[in-house]
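The next block holds one structure in the form of structure tokens; read it before the comments.
Sequence lines set the chain letters: A, B, ... in the order given, protein chains first and strands last, and positions in each chain run from 1.
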Amino acid sequence: MEQIAQVLVSGLLSGGVYALASVGLALIFGVVGLVNFAHGEYLMLAMYIAWLAYDLTGASPYASMPLNLALMAVAGYLTFRIIMARVINADHSIQMLITLALSMALQNLALMLWKADYRTVRIEMTNQVIDAGFLVISAPRAIAFAVAALASLLLYLFLQRTWAGTAMRAVAQDGRAAVLMGISLRRVYGQAFVIGTVLVGLAGLLLSPIYPVFPLVGAGFSTLAFIVVVLGGLSSVPGAIAGGLLVGVVESLAGYFAGPAYQQAAYFLLFIVVLIFRPEGIAGGRGGERRR
Amino acid sequence: MSLKAALRASLAAHPVMWALSALSVAAPFALDSRYYQDIAVMTFLWAGVACAWNLYSGYCRRVSIGHAAFLGIGAYTSSALFLNFGISPWAGMLAGGLLSVAAALLIGGSTLRMRGSFFVLSTIAFAKILEVVAVTAKGVTGGSPGLLIPYRPGLANMVFEGKLPYALICWGYMMLCLAICVCVERSKAGVRLSAIGENREAAESLGVNSSGTMLAAFVASAALTSLGGSIFAQYFMFIEPSSVMGMGNSVNIILLAIAGGMGTAFGPVLGSFILTPLSNLLRGGLTEVSGLHGFVLGVIMIAVLLFRPDGILPQLRIMCGRLAAAFGAGAGAAGGNARPAEAAGPAAAHPARPAPGPARDAGAAPWDGPVLELVSVSKSFGGLKALNGLSLSVREGELLGLIGPNGSGKTTLFDCVTGALPLSGGKVLFRGADISRMKPWEIARAGIARSYQVTQPFGGMSVLGNAMVGAFCVTGDYGEAEAAAAASLMAVGLSHKSGAPAKSLNIGERKKLEIAKALSARPSLLLLDEVMAGLTPTEVAEMGEIVASINRSGVTVVMIEHIMEAVTSLCERVAVLNFGEKIMEGAPREALESPEVAAAYLGAADGS
Amino acid sequence: MLRLRNLNAYYGGIQALRDISLDVGRGEIVAVIGANAAGKSTMLACISRAMDSFTGEISFDGRRIDGLPPDRIVDLGLVQVPEGRLLFPRLSVRENLMLGAYSRRCRAGCAERIEEVFGILPKLRERASQLAGSLSGGEAQLCAIGRGLMAAPSLIMLDEPSLGLSPIAVKEVMALVAAIREKGVSVLLVEQNARQSLRLADRAYVIENGRVAMQGAGSELLEDAVVKKAYLGL
């Protein structure tokens, strides 16, 4: 029983970070209508930034967080201005392919700059644990979960309580009407893209004390984020959060009962089942893909 | 048109590309270094695989990013059969193909109704799951370390000493895939696939069983890809999950096809001819910095997608066209990028018949009741009742006008008759048979065709190709369909445009094409939705003439129209709708002069 | 205050508007009527810059606006309530109204304006926290007009506000149009429902096949013979 609780808790903790890595994808899809296959590469980028800061100055990823997030915002903005803004109205397949090509370019750029080696950030906290009676929780995972939860809350408040956030939800529902309200679509698209990039970057830096970083680290997380987002209904932010937690728990349970080799298989299976029986996602009937 | 004829026609249309593909077989023989021969082998193999991918994703515009899974099924099936049972890879290849067919039926069948992005994501998931299976099922696949194929040269083992035999096999594979693509392009299936890719709903309204057609194409594409997978395994003599089924291969396939031009038979071949050597040479030349070649390739792809999203082939065609024009050679490889049925040439070969014959009711039992009968049909959207217990009957051979203010339910009525929308209540009888539960394509094949108010041309296809889609309701033969389409175009006066891509038409021509598309299906009942809206007075008069002549040829016509002069001059009878109900039925003048109709259009007469 | 001169618009290769000239004065209700596809909505799309393929001169309050982006036009106080309402179905009524005041000029006074709109449309107050997608057709239209008013327009353009509404809801909408004018806001009313709108309008234009076929005082055009010609071809 205690073991099950331990498994569930560690599943939820990973799930929190998965959720954070995925909300940005859902936001970008919901608002901009873009399926961003390069999403995971931005996670990789933030992990490298955290590692570089650690490697050069010894700063922990938490200390370099402000710099890291600022750089991610710049990266998101530039990507949007230089590439994405030009294909906003292009065919779906063109958009997808351009993000695929971008992902390929970024992976190889990382390979060029930092080689294929696994790089690790070894701060003191990496091996610390929080001993809460019968549960044992690794400290960096607990921090990651807490920060992810806080970031999700902030995103929620931003979407619900600010002009820019309300405009973003409006654009996601009806771009044509939003224009008549005096909302500039281009600006909102850009904002959503930057916020999505910063969020996945945050997930990356939180992961850096736990996971090694290497050029293909983003590819795995991209796939995971897609699964999470589809489970949540593709364009729904709360759905992505629920989906992230679910994937974390399923992965953890599968690892415990069937062995680590089956972790991935378990959530892929879950994904296929959901796609076939509830293509609109588990979180609600309204999400789904916007007609374009 | 037989397969031979399809190939012959393609040969005439693309002599340069065919020559290039066929003569490329000489390249590996001319190159005497193993390094360059290896590049040639890879170029042929990837060209073939990209062609196979194109067969589904290219023509019906649904991008599969999981095709490496089929590559994997082929590679693992032939290798496992060979290693465990000593079965020759040649036979193993076919077994892999069959297994891929089964897998494709499963994945294709369950994803048919998914929209674009969902489909893409499920193909990725499918490939990932197979990769996980390959890693875990160690007994058969060898798990992560992979499988090694023993070096025992011999034809039966499909293992050879030099590279040249592989080059021949891969070239043969490429030519097979190319030939299949060409034959499909010039067949019923190809025209239908392209139409589905452009606009699935409009294609179904012209008798295309989109699910069946797409599934067949997906299965064929998977099987061909799987053959390539077996060859892949035999060439490298070593396979492991990520090198065969990894995302990298799936993406590579797509990039080749896109760069060359997806949805064109030669595009993927051209893409591979350019990119595979380029990529290999880059990798060879840029060895000092690992990753540089991939980065350069990625940047090239982004640039191509940003600035030439149609790919190289269409661009090349335009350039060739210009060159040909500059040298005064009329018979160039020009023809724009319209697909399929590229040129107007073939149409000219079949002398156009006069206006397409009337209803094809030869086989149908004689029927003297109303052609179409709506029995208290209702349709609601949420709380809104768009049609409210509407009954209407349409007589054989008449030209009925359907009028009423905006939002009164006229188009909804058409949607309900053609099966585009399910009824909420009541039933629709066509020649006495209940069609309320039939699928749109079944209804189209039964003899009801429609035009759309907002015209729905298959923009990337030629005008003739557009008109051919419906013709396959009546015939399975490409040549006959072409002739029927040409006849429909003649009937609406669009023959001179038959080679042009449909997206280049202006609004008046689009409206005519809309009618020609419907007419090719040889309907006995034609539903026209505002075919005159937006036209100039001259065009309105011309369109009236076209509609009248169609009606005279024996086709029953129901037309929704707001231009009342046209209604009064064309129709002997009108039905007036308001708030989803029929408020009036009778002679046009009489109806228009009635106070109820005036109230419906102009608002209540008294201030109350 | 709104002035169109020689407006020509092109739509998919054809000319949808031909030499349209039209004026709306301060405090006026001007109706534009005409059959379906006559070009009425295209005209509004040009004014709001929802489409670009047009030539001619559009000025508002004495300044040229035909080169401005859509958000600047809203900022100037020229607001369109689109055909089919186009509410944001999964936002609440209150959020829909708020978005009407999105332009920088109006954000500060947003809360007071919402109260003001609720004052004119008490029905909306009851529904303030409901999702807009759950409103009935008539309520949705009132909400859309309310949303337009949130931008503190000096001219509001209503595109087919009575479309698909029951006769009672149409009356309600028309009463609202009159009330808007009482507040000093000019109205450009594009309608198919000719009789109701002509009764309300100070002046009116009849558009046929993309051109102005007739113009005059609303009451003059109300002569059935005239509009019947435009609509029913009689």
Side-chain angles (χ1 to χ4, degrees), chain A residues 29 33-35 37 82-83 86-87 90-116 215-216 219-220 222-223 226-227 229-230 234-235 259 261-269 271-272 275-277 279-280 288-292, chain B residues 57-58 61-63 65 107 109-111 113-122 124-133 135-136 138 143-144 242 246-248 250-252 254-255 257-259 262 286 289-307 309-310:
Chain A
F29 183 80
L34 200 76
V35 179
F37 283 102
I82 297 173
I83 302 174
R86 295 171 201 263
V87 291
D91 193 66
H92 253 320
S93 55
I94 299 286
Q95 293 177 344
M96 264 182 240
L97 294 165
I98 212 158
T99 62
L100 274 173
L102 178 64
S103 133
M104 176 172 158
L106 288 176
Q107 282 172 11
N108 283 286
L109 183 68
L111 187 60
M112 274 162 66
L113 295 176
W114 300 299
K115 309 281 183 304
L216 290 178
S222 258
T223 321
F226 276 114
I227 290 176
V229 162
V230 169
L234 219 51
S235 61
Y262 293 93
Q263 285 187 328
Q264 264 204 320
Y267 59 70
F268 279 123
L269 210 61
F271 173 78
I272 291 277
L275 264 182
I276 292 172
F277 295 104
E280 69 279 15
E289 190 171 355
R290 184 158 53 131
R291 265 181 188 277
R292 288 162 65 84
Chain B
S57 295
R61 307 254 144 184
R62 276 160 74 87
V63 175
I65 312 192
I107 184 85
S110 55
T111 55
R113 280 287 149 200
M114 286 179 192
R115 274 188 262 144
S117 312
F118 281 102
F119 172 74
V120 174
L121 295 175
S122 20
I124 296 178
F126 169 63
K128 284 279 173 191
I129 287 182
L130 275 193
E131 206 182 323
V132 173
V133 168
V135 171
T136 40
K138 296 197 180 69
S144 300
S242 69
M247 184 88 164
S250 291
V251 172
N252 185 40
I254 299 167
L255 293 186
I258 285 286
M262 64 193 266
L286 304 173
V289 186
S290 62
L292 184 54
H293 91 276
F295 177 70
V296 171
L297 216 56
V299 171
I300 293 177
M301 283 318 308
I302 295 177
V304 168
L305 287 164
L306 281 183
F307 303 109
D310 285 343

Closest-packed option against chain A by number of heavy-atom pairs under 4.5 Å, given [options]:
options                            : result
V299(B), V63(B), L306(B)           : L306(B)
S57(B), A125(B), S110(B)           : A125(B)
T111(B), V120(B), I107(B), I300(B) : V120(B)

Worksheet item: Measuring heavy-atom distances to chain B, does L216(A) have an atom under 4.5 Å in its side chain, in its backbone, in both, or in neither?
Response: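 The answer is neither part of L216(A).
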Discussion item. Counting only non-hydrogen atoms closer than 4.5 Å, does I258(B) touch chain A with its backbone (N, CA, C, O), its side chain (CB onward), both, or neither?
Written reply: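 The side chain, not the backbone.
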Fill in: Interchain contact, I254(B) with chain A, by part (heavy-atom threshold 4.5 Å)
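Side chain only.
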Discussion item. Contact between F295(B) and L111(A) at the side-chain level, heavy atoms closer than 4.5 Å - yes or no?
Written reply: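 The answer is no, as the side chains (C-beta and beyond) never meet within the 4.5 Å cut-off.
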Item to complete: Taking the side chain as every heavy atom from C-beta outward, state whether F271(A) and V230(A) have any pair of such atoms under 4.5 Å apart.
Response: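 Touching, per the 4.5 Å side-chain cut-off.
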Worksheet item: How about F37(A) and F226(A): are their ring centroids closer than 6.0 Å?
Response: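 Here the rings of F226(A) and F37(A) have centres that are less than 6.0 Å from each other.
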Worksheet item: For L255(B), which residues count as a side-chain contact (heavy atoms from CB on, under 4.5 Å) partner, sequence neighbours excluded?
Response: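 In terms of side-chain contact (heavy atoms from CB on, under 4.5 Å), with neighbours along the sequence ignored, L255(B) is linked to M104(A), V251(B), M301(B).
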Item to complete: Apply side-chain contact (heavy atoms from CB on, under 4.5 Å) to L102(A) and list each qualifying residue two or more places apart in sequence or on a separate chain.
Response: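 Once residues adjacent in sequence are excluded, the partners of L102(A) under the side-chain contact (heavy atoms from CB on, under 4.5 Å) criterion are A38(A), Y42(A), T79(A), I83(A), M84(A), L106(A), I302(B).
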